[in-house]
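Okay, structure first, notes after.
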2 protein chains.
Amino acid sequence: MNPYIKRIKDLSNRLDPQILAELEGGFFDKKFSKESYLLRPGQICTSHLLVKEGVARKFYKHNEKEITTEVYFHDDVAVSLDSYIMRKPADVYIEALTELEVTIIDYSKFHKVKSTYSEVMMLDKMFIEYYAVWFEHRLKEFQTLDASQRYLKLLEKEPKVVQLLPVTIIASYLNVSLETLSRIRSKIASR
Amino acid sequence: MNPYIKRIKDLSNRLDPQILAELEGGFFDKKFSKESYLLRPGQICTSHLLVKEGVARKFYKHNEKEITTEVYFHDDVAVSLDSYIMRKPADVYIEALTELEVTIIDYSKFHKVKSTYSEVMMLDKMFIEYYAVWFEHRLKEFQTLDASQRYLKLLEKEPKVVQLLPVTIIASYLNVSLETLSRIRSKIASR
DNA sequence: GCAGAAATTTGACTCAAGTCAAATAATCAC
DNA sequence: GTGATTATTTGACTTGAGTCAAATTTCTGC
């Protein structure tokens with residue numbers, strides 16, 4: 001696990017029991033079936049979705065083509081930041097790639113607890129910080145690496161994505177065509 | 001000005017005078033000469049730099065090539081998020097492109113005020129949220145637009161960048177070669 | 001186990017954008 | 001102003017990655 005995420009988790013676990021109790025009042029669990037959507041364009045994203053079991057992804061459509069921006073596994077948080085923060089309709093889908101179980105952290109309840117306890121506000125801020133830095137790195141990958149380098153980096157940093165997901169989705173995450181990804185893989189295999 | 005940034009500014013102005021006074025104790029102004037660096041790789045970024053006068057940019061080097069990630073004008077905040085948040089050595093330069101005057105917001109002082117006043121923590125969080133969403137949009141531009149479309153979008157969203165900066169820097173911001181940018185411009189001019 | 005569907009690979013061709021080199025144009029120092 | 005330096009444009013060529021089409025492999029349900 002990323003050390004910053006680990007720090008956020010540790011701090012969360014050490015919160016005052018009183019606060020934890022209040023927080024959990026705003027959590028509830030929900031199951032989604034494979035291929036169903038947790039969020040669609042046009043909806044406002046009013047919660048954070050903490051993945052308990054299964055795999056999900058976020059993607060958007062551009063000229064009929066799907067572009068996957070994130071893949072979520074156990075303990076990852078799925079959210080359309082843009083929609084959640086700006087309180088405007090989302091332009092992305094969040095989709096269950098398998099049977100999925102999530103904990104839903106509702107905005108309004110969470111917001112109240114944050115305003116009361118600055119420790120919670122701080123944890124929320126740390127989560128966004130992590131997100132911002134993650135985006136910065138991902139942008140850098142697109143600016144500096146070609147298709148095969150991006151694939152190798154993914155293999156190194158997120159092997160689960162490569163192992164568990166179909167080529168279509170891996171390709172859309174790397175922003176290359178199916179065919180190119182297939183060629184990259186065969187070239188690597190033949191080395 | 002972006003509406004979310006406007007909201008942050010309005011809220012800042014409406015802070016309790018007591019808080020404002022404490023905050024300003026941690027601010028100080030500094031001048032930089034053209035082509036000097038406000039931050040270099042290896043240094044830890046321990047402050048936010050609020051531009052009062054002049055233009056600056058952030059860039060990194062990749063295989064000898066400079067890649068400009070952001071350009072800062074009056075009222076923009078320059079910071080290496082990665083270094084500032086993770087408290088680790090930066091891998092970017094922040095450079096004065098003109099004579100430059102900035103207000104330096106020191107980490108440790110700012111941190112103290114944030115822990116005391118949750119309104120300030122909240123404003124800081126809003127700033128990061130803005131940053132994260134900005135990065136998300138910029139990433140999307142690289143994933144969906146070709147070189148000329150990126151140029152046209154920059155012209156539309158940040159005309160000052162195109163008007164005030166040399167082609168070298170505009171090209172490195174769009175992540176295209178000098179020559180390609182030059183060809184894009186001549187093609188657009190001849191329409 | 002087999003037919004049909006879906007996913008993946010391979011081939012042939014195209015094109016956006018890069019590189020290297022040379023030519024202009026703009027800017028600066030004196 | 002003039003020559004020198006720097007910035008920008010133009011030309012010729014190369015290449016990474018896309019598209020469309022066909023072949024092959026893998027996965028289904030029955």
Side-chain angles (χ1 to χ4, degrees), chain A residues 33-35 55 57 59-68 71 95-99 138-155 161-191, chain B residues 33-35 55 57 59-68 71 95-99 138-155 161-191:
Chain A
S33 58
K34 185 172 171 170
E35 285 172 27
V55 187
R57 66 161 176 158
F59 71 94
Y60 60 89
K61 287 188 184 175
H62 179 76
N63 300 343
E64 303 298 297
K65 201 177 71 180
E66 292 183 2
I67 297 179
T68 300
V71 177
E95 181 194 18
L97 294 175
T98 61
E99 295 297 304
R138 191 152 153 76
L139 180 62
K140 189 171 180 178
E141 282 178 14
F142 279 103
Q143 289 173 328
T144 57
L145 305 179
D146 65 22
S148 352
Q149 291 170 326
R150 290 205 297 280
Y151 176 71
L152 288 170
K153 181 135 276 178
L154 182 65
L155 210 50
V161 171
V162 180
Q163 285 153 20
L164 300 174
L165 303 184
V167 175
T168 321
I169 289 179
I170 305 171
S172 89
Y173 184 77
L174 293 171
N175 209 32
V176 299
S177 66
L178 278 187
E179 296 92 331
T180 296
L181 178 55
S182 175
R183 288 187 180 104
I184 288 169
R185 300 182 98 163
S186 73
K187 200 147 130 210
I188 289 172
S190 73
R191 285 197 314 215
Chain B
S33 58
K34 185 171 170 173
E35 286 173 24
V55 187
R57 66 161 175 156
F59 71 93
Y60 61 89
K61 288 189 184 173
H62 179 77
N63 300 342
E64 303 298 296
K65 202 178 68 181
E66 293 183 0
I67 297 179
T68 300
V71 177
E95 182 193 19
L97 294 175
T98 62
E99 294 297 303
R138 192 151 154 75
L139 179 62
K140 189 171 180 177
E141 281 177 15
F142 279 103
Q143 289 174 328
T144 56
L145 305 180
D146 65 23
S148 353
Q149 290 170 326
R150 290 206 295 280
Y151 177 71
L152 289 169
K153 181 136 277 178
L154 182 65
L155 210 50
V161 170
V162 180
Q163 285 153 19
L164 299 174
L165 303 185
V167 177
T168 320
I169 291 179
I170 305 172
S172 87
Y173 184 78
L174 293 170
N175 207 34
V176 298
S177 67
L178 278 187
E179 296 92 331
T180 297
L181 178 55
S182 175
R183 290 188 178 102
I184 288 168
R185 300 181 99 164
S186 74
K187 200 146 129 210
I188 289 172
S190 72
R191 281 196 321 212

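First the proteins, then the strands, lettered A, B, ... as listed; each starts at 1. Predicted model only: the values in this text are computed from it and were never measured.
- Where Leu181(A) and Glu179(B) meet DNA chain D, the nucleotide closest to each residue was compared, and Glu179(B) sits on the side nearer the 5' end.
- If you measure from atom CD1 of Ile188(A) to atom P of dT9(C), you get 12 Å, rounded to the nearest angstrom.
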*asked:* Is there a side-chain contact (heavy atoms from CB on, under 4.5 Å) between Arg150(A) and Val176(A)? Walk through the geometry before answering.
replied: CA-CA 10 Å; Arg150(A) 290 205 297 280; Val176(A) 299; 3.6 Å; yes

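- When each of Tyr60(B), Phe59(B), Tyr173(B) is tested with Glu66(B) by the rule side-chain contact (heavy atoms from CB on, under 4.5 Å), just one qualifies, namely Phe59(B).
- Here the side chain of Ser148(A) pairs no donor or acceptor atom with the backbone of Ile184(A) at under 3.5 angstrom.
- For Asn175(A) and dA16(C), the CG to P distance is 17 Å, given to the nearest whole Å.
- Judged by distance alone, the side chain of Ser182(B) and the main-chain N or O of Leu178(B) form no donor-acceptor pair under 3.5 Å.
- Contact record, His62(B) with Thr144(A): NE2-O, 3.3 Å, taken as the closest heavy-atom pair.
- Interface limits on DNA chain D: the 5'-most and 3'-most nucleotides within less than 4.0 Å of chain B heavy atoms are dT8(D) to dA12(D).
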*Given the rule in the side-chain contact (heavy atoms from CB on, under 4.5 Å) test, do Leu152(A) and Ile188(A) qualify, once you have shown the distances and angles that lead to the verdict?*
CA-CA 9 Å; Leu152(A) 288 170; Ile188(A) 289 172; 3.6 Å; yes

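- Note on the helix from dG1(C)-dC30(D) to dC30(C)-dG1(D): terminal axis deviation equals 50°, with five pairs used at each end and the result rounded to 10°.
- Between the side chain of Thr98(A) and the backbone N or O of Val55(A) there is at least one donor-acceptor pair closer than 3.5 Å.
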*Tell me, with the steps shown, if Asn175(A) and Lys65(A) meet side-chain contact (heavy atoms from CB on, under 4.5 Å).*
CA-CA 10 Å; Asn175(A) 209 32; Lys65(A) 201 177 71 180; 4.2 Å; yes

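- One can place CG of Leu174(B) at 10 Å from P of dG18(C), the figure rounded to the nearest angstrom.
- No donor-acceptor pair under 3.5 Å is formed between the side chain of Glu99(B) and the backbone N or O of Ser33(B).
- Atom CD of Glu64(B) is separated from atom P of dG18(C) by 18 Å (rounded to the nearest Å).
- Listed for the Thr68(B) side chain is no donor-acceptor partner under 3.5 Å among the backbone atoms of Ser172(B).
- A cation-pi arrangement is absent between Arg183(A) and Tyr151(A), since the terminal nitrogen or guanidinium carbon is not both under 6.0 Å from the aromatic centre and inside a 45° cone about the axis.
- In this structure, Asp146(B) places its CG atom 20 Å from P of dT14(C), rounding to the nearest Å.
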List, with names and distances, any nitrogen or oxygen atoms from the protein found under 3.5 Å away from nitrogen or oxygen atoms belonging to nucleotides 4-8 of chain C.
| residue | atom | partner | partner atom | Å |
| --- | --- | --- | --- | --- |
| dT8(C) | OP1 | Val167(A) | N | 3.4 |
| dT8(C) | OP2 | Val167(A) | N | 3.3 |

